[in-house]
Amino acid sequence: MHSEGPWQGSREGLERAAAGPYSAGPDPAPIRALPDTLISQIAAGEVVERPASALRELLDNALDSGAARITVRLQQGGLELVAVEDDGCGIAADELPLALARHATSKIASLHDLEQARSLGFRGEALASMAAVAELEIVSRRAGAAAATVRAVGGRVQPVAPAAAGFGTSVSLRRLFHDIPARRSFLKSASTEGGWCVEMVRRAALAHPRVAFALWQDGRQSLRVDATEDPLQRLADVLGRSFRADALPVEFAIGPLRVHGLVCRPTAARARAEVQQLYVNRRWVRDRMLAHAVRAAYADVLHGNLQPQYALLLELPPERVDVNVHPAKSEVRFRESQAVHQALRHAVQQALAPALGARETGLPDTVAGDVAAAPASAAPPGMAGVAARRPPAPWLRDEPRQDALPLGSLMRAYAPTPSPAQLDAREPAAQALPTADPQSAEFPLGHAIAQLHDIYILAQNRHGLVVVDMHAAHERIVYERLKQAFDAQGLAAQPLLIPAGFAATDAEMGAAEDHAEDIARLGLDIAPGGPSSLVVRAVPALLARGDVVRLAREVLAELGEVGASQRLQRRRDTLLATMACHGAVRAGRRLSLGEMDAVLRDMEATERSDQCNHGRPTWRQISLSELDALFLRGR
């Protein structure tokens with residue numbers, strides 16, 4: 001005999017369960033209006049998933065009130081208490097009961113206000129949802145008025161009572177889901193829930209540098225950040241010194257769109273996406289399109305599957321972004337998603353691309369503040385390929401295009417290098433050091449002094465010793481020249497002798513129709529071949545020998561998912577990277593001092609020369625203090 005498990009039972013019971021409450025029968029359930037408490041409990045399932053989501057809503061209200069200082073208190077990771085105190089404008093005593101009513105808010109009054117919403121909160125349902133699933137207490141005081149308090153337990157609001165409190169508002173949420181065991185069973189341990197609450201405070205602090213934050217957990221202060229006028233300083237304070245030491249500032253503006261924040265150098269990428277923060281108009285968002293844009297900017301400077309680290313803030317007119325997408329308000333929708341994608345990608349590329357010679361310092365271990373940010377009006381480096389020729393959205397002004405090398409430079413960059421015998425006949429490898437003082441020359445990479453095992457270039461600069469992987473460095477130099485040369489002639493479309501047709505899905509048919517102009521700019525010609533088929537009639541000449549159907553499918557999938565595609569550019573860059581690898585100077589080649597200096601000067605003038613095409617570092621700085629420590633000098 002088999003015992004019945006939780007999903008086993010009689011055939012009749014299983015049939016009733018499968019049929020559901022809406023199946024035809026003698027006594028169908030009538031349509032009825034749900035009670036307000038149940039409605040709020042249902043809404044709480046979307047708005048208040050756990051203590052961290054409740055804390056986010058309370059932080060949004062505190063920030064919208066104009067607070068200059070916010071204090072958060074947690075007990076048992078927020079399971080027993082989530083309290084937020086602020087010194088904002090406060091709530092009038094007679095409005096406290098209304099604050100706990102569903103869809104009651106002071107932030108919007110019309111559809112126009114919703115479309116122009118600048119506040120973090122606007123739905124007016126968070127407090128009512130919390131009151132339905134926990135014990136909620138609000139104590140508030142406005143300037144020139146007495147303090148008052150209101151409590152709600154199980155959705156029942158109690159009368160307003162006088163209280164003693166300073167200016168501002170304090171909201172306490174106790175025993176979340178205590179009376180709803182099914183919901184509480186989905187919560188994690190106190191340490192896990194507390195960790196998510198800490199992350200919510202960090203996210204709010206990153207986006208609002210002028211507000212001071214303090215976090216107390218079980219009576220112990222675990223986080224404190226003071227107000228500052230410098231957004232980059234706030235990013236460094238919250239994310240830590242290790243992030244700051246490897247970070248580069250981002251400052252990019254085009255029309256009404258501004259992108260600013262910090263991105264880490266490719267050498268600081270990690271196996272996990274530990275710091276990937278994106279904000280739109282000071283609102284933390286989870287957006288695949290924005291994450292795709294950042295990843296695309298790191299395309300040829302990351303090694304393997306490493307994850308970039310960044311904290312970026314986008315600011316644009318509120319009417320160009322829809323924040324009313326999800327009750328949790330962590331998703332947004334852009335009016336011009338392709339323009340935003342392009343601008344964000346260029347902003348990050350601009351921060352990563354400056355050549356060594358354009359920086360205030362060439363030391364990779366200096367803090368981000370030592371690196372000069374390119375002006376917003378400069379042409380964004382890395383606008384290689386099809387994306388550079390895409391006209392910006394009407395609300396974005398035109399931006400100048402980076403000058404590209406003529407096609408003739410492609411042959412010079414890909415020219416074969418002399419043999420060792422030719423080098424020996426031309427100039428011996430062992431020479432005296434250059435007469436110029438490397439400290440006075442102020443070259444970031446200094447002057448070459450020797451070659452180690454015909455693999456590494458050793459150079460001396462004012463900071464100490466520079467070690468260069470000559471193949472990796474020259475590979476990046478050749479690669480960038482090849483990209484510029486191909487950009488100069490553009491992506492010419494090559495008609496196919498025999499068009500390639502394929503059966504298309506509804507999503508692919510829709511993407512081909514919706515993004516027809518974008519596809520044409522990419523050098524592709526994709527036309528309908530029937531009700532459910534597409535035909536590829538032309539592709540970029542450089543990619544004509546590949547699998548054109550697979551290429552077309554990948555481009556359509558990317559366009560349908562994020563509204564933009566760098567698939568062709570990545571394919572092209574892969575081919576150019578292979579050419580650059582074969583054309584670069586090989587390990588085992590003996591170079592003269594003059595040739596080594598030429599490589600160093602080319603590195604200083606080449607964008608992204610800190611990494612090769614595969615994301616590996618091309619050079620390292622060993623400071624004098626590090627050398628002194630090796631030999632115990634000064635001890």
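In this text, all values refer to a predicted model and were calculated from it rather than measured experimentally.
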Apply side-chain contact (heavy atoms from CB on, under 4.5 Å) to residues M130 and L58 and explain how you reach the verdict. CA-CA 10 Å; M130 294 180 203; L58 298 180; 3.9 Å; yes
With side-chain contact (heavy atoms from CB on, under 4.5 Å) as the criterion, how do L316 and F334 come out once you've worked through the C-alpha distance, each side chain's angles and the decisive distance to 0.1 Å? CA-CA 10 Å; L316 67 164; F334 297 97; 4.1 Å; yes
side-chain contact (heavy atoms from CB on, under 4.5 Å) between Q276 and Y310: does it pass, once the steps are laid out? CA-CA 5 Å; Q276 292 188 351; Y310 52 84; 3.5 Å; yes
Checking side-chain contact (heavy atoms from CB on, under 4.5 Å) for the pair L81/Q76: CA distance, chi angles, key distance, verdict? CA-CA 7 Å; L81 172 67; Q76 293 296 309; over 6 Å; no
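Across every non-hydrogen atom of L313 and G261, the tightest pair is CD1-CA, 4.5 Å. Closest of all the heavy-atom pairs between A146 and R141 is C-CG, 4.0 Å. Across all non-hydrogen atoms, the minimal contact from L302 to P308 is CD1-CD, 3.6 Å. Closest non-hydrogen pair, Q309 versus Y298, comes out as O-OH, 4.0 Å. In plain terms, the two heavy atoms of T169 and G90 that are nearest each other are OG1-CA, 3.4 Å. Between G77 and P51, the shortest heavy-atom distance links the atoms O-CB, 4.0 Å.
With sequence neighbours excluded, the residues forming a side-chain contact (heavy atoms from CB on, under 4.5 Å) with N61 are K107, L127, listed by chain and number. With sequence neighbours left out, the salt bridge (Lys or Arg N to Asp or Glu O under 4.0 Å) criterion links E135 to R175. With sequence neighbours excluded, no residue forms a side-chain hydrogen bond (donor to acceptor under 3.5 Å, both in side chains) with W196. The salt bridge (Lys or Arg N to Asp or Glu O under 4.0 Å) search around D322 returns R333, not counting sequence neighbours. By the salt bridge (Lys or Arg N to Asp or Glu O under 4.0 Å) test, D226 is found to be paired with R224, residues two or more places apart in sequence or in another chain being considered. Evaluation of the side-chain hydrogen bond (donor to acceptor under 3.5 Å, both in side chains) rule for R295 yields no partner, not counting sequence neighbours. Take R69 and apply the salt bridge (Lys or Arg N to Asp or Glu O under 4.0 Å) test, not counting sequence neighbours, and it matches no residue. With sequence neighbours left out, the side-chain contact (heavy atoms from CB on, under 4.5 Å) criterion links A93 to A148. Taking A92 as the reference, D94, E95, R142 meet the side-chain contact (heavy atoms from CB on, under 4.5 Å) condition, with sequence neighbours excluded.
Under the 4.5 Å side-chain criterion, counting only non-hydrogen atoms from C-beta, L176 is not in contact with V82. Residues L235 and Q277 have side chains not in contact (no heavy-atom distance under 4.5 Å, counting atoms from C-beta outward). You'll find the side chain of L312 reaches within 4.5 Å of the side chain of V348, heavy atoms only. Contact of the V72 side chain with the M200 side chain is not registered, since no non-hydrogen atoms from C-beta on lie closer than 4.5 Å. Between E193 and L74, the closest side-chain pair of non-hydrogen atoms is not below 4.5 Å. Residues L290 and V280 meet the side-chain proximity criterion, which asks for heavy atoms closer than 4.5 Å. You'll find the side chain of D218 reaches within 4.5 Å of the side chain of Q75, heavy atoms only. A heavy-atom distance below 4.5 Å is found between the side chains of Q349 and R608.
Ring planes of F252 and H346: perpendicular class, angle over 60° (limits at 30 and 60°).
Remark: side-chain polar atoms of R244 are not paired, donor with acceptor, to backbone N or O of L239 under 3.5 angstrom. Side chain of R345 to main chain of H292: no donor-acceptor pair is present (N/O by atom type, distance under 3.5 Å, no hydrogens or angles). Distance alone, capped at 3.5 Å, is enough to place a donor-acceptor pair between the S140 side chain and the G168 backbone. A donor-acceptor distance shorter than 3.5 angstrom exists from the side chain of H208 to the backbone of A204, with no hydrogens or angles considered. Although no hydrogens or angles enter the test, the distance criterion places no donor-acceptor pair under 3.5 Å between the side chain of R265 and the main chain of L248.
Between T228 and Q233, the side chains place no donor N or O within less than 3.5 Å of an acceptor N or O (distance only, hydrogens not considered).
By the 6.0 Å contact criterion, CD on Q221 is enclosed, its count of non-hydrogen atoms from other residues, nucleotides or ligands being greater than 12. Applying the 6.0 Å contact sphere to CD of E274 captures more than 12 heavy atoms from other residues, nucleotides or ligands. For CZ of R282, the number of neighbouring non-hydrogen atoms (other residues, nucleotides, ligands) closer than 6.0 Å is greater than 12.
Under the salt bridge (charged side-chain N to carboxylate O under 4.0 Å, His left out) criterion, the residue pairs touching residues 80-91 are R73-E85, E80-R184, with sequence neighbours excluded. Within the structure, the salt bridge (charged side-chain N to carboxylate O under 4.0 Å, His left out) test picks out the following pairs touching residues 196-215 (sequence neighbours left out): E199-R202, E199-R203, R210-E229.
Within the model, atoms CZ of R283 and OH of Y279 stand 12.5 Å from one another, a figure rounded to the nearest 0.5 Å. Here the straight-line distance linking atom CG of N281 with atom CZ of R258 works out to 11.5 Å at 0.5 Å rounding. The CD atom of Q338 lies 9.5 Å from the CE atom of M289; values are rounded to the nearest 0.5 Å. The CG atom of D246 lies 5.5 Å from the SG atom of C264; values are rounded to the nearest 0.5 Å. Rounding to the nearest 0.5 angstrom, the gap separating the CG atom in L79 from the CZ atom in R50 is 9.5 Å. If you take CG on L278 and CG on L206, they are separated by 11.5 Å, rounding to the nearest 0.5 Å.
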Hey, can you pull the donor-acceptor pairs under 3.5 Å for the side chains in residues 149-158, sequence neighbours left out?
from	atom 1	to	atom 2	distance (Å)
T149	OG1	E137	OE2	3.4
T149	OG1	I138	O	3.0

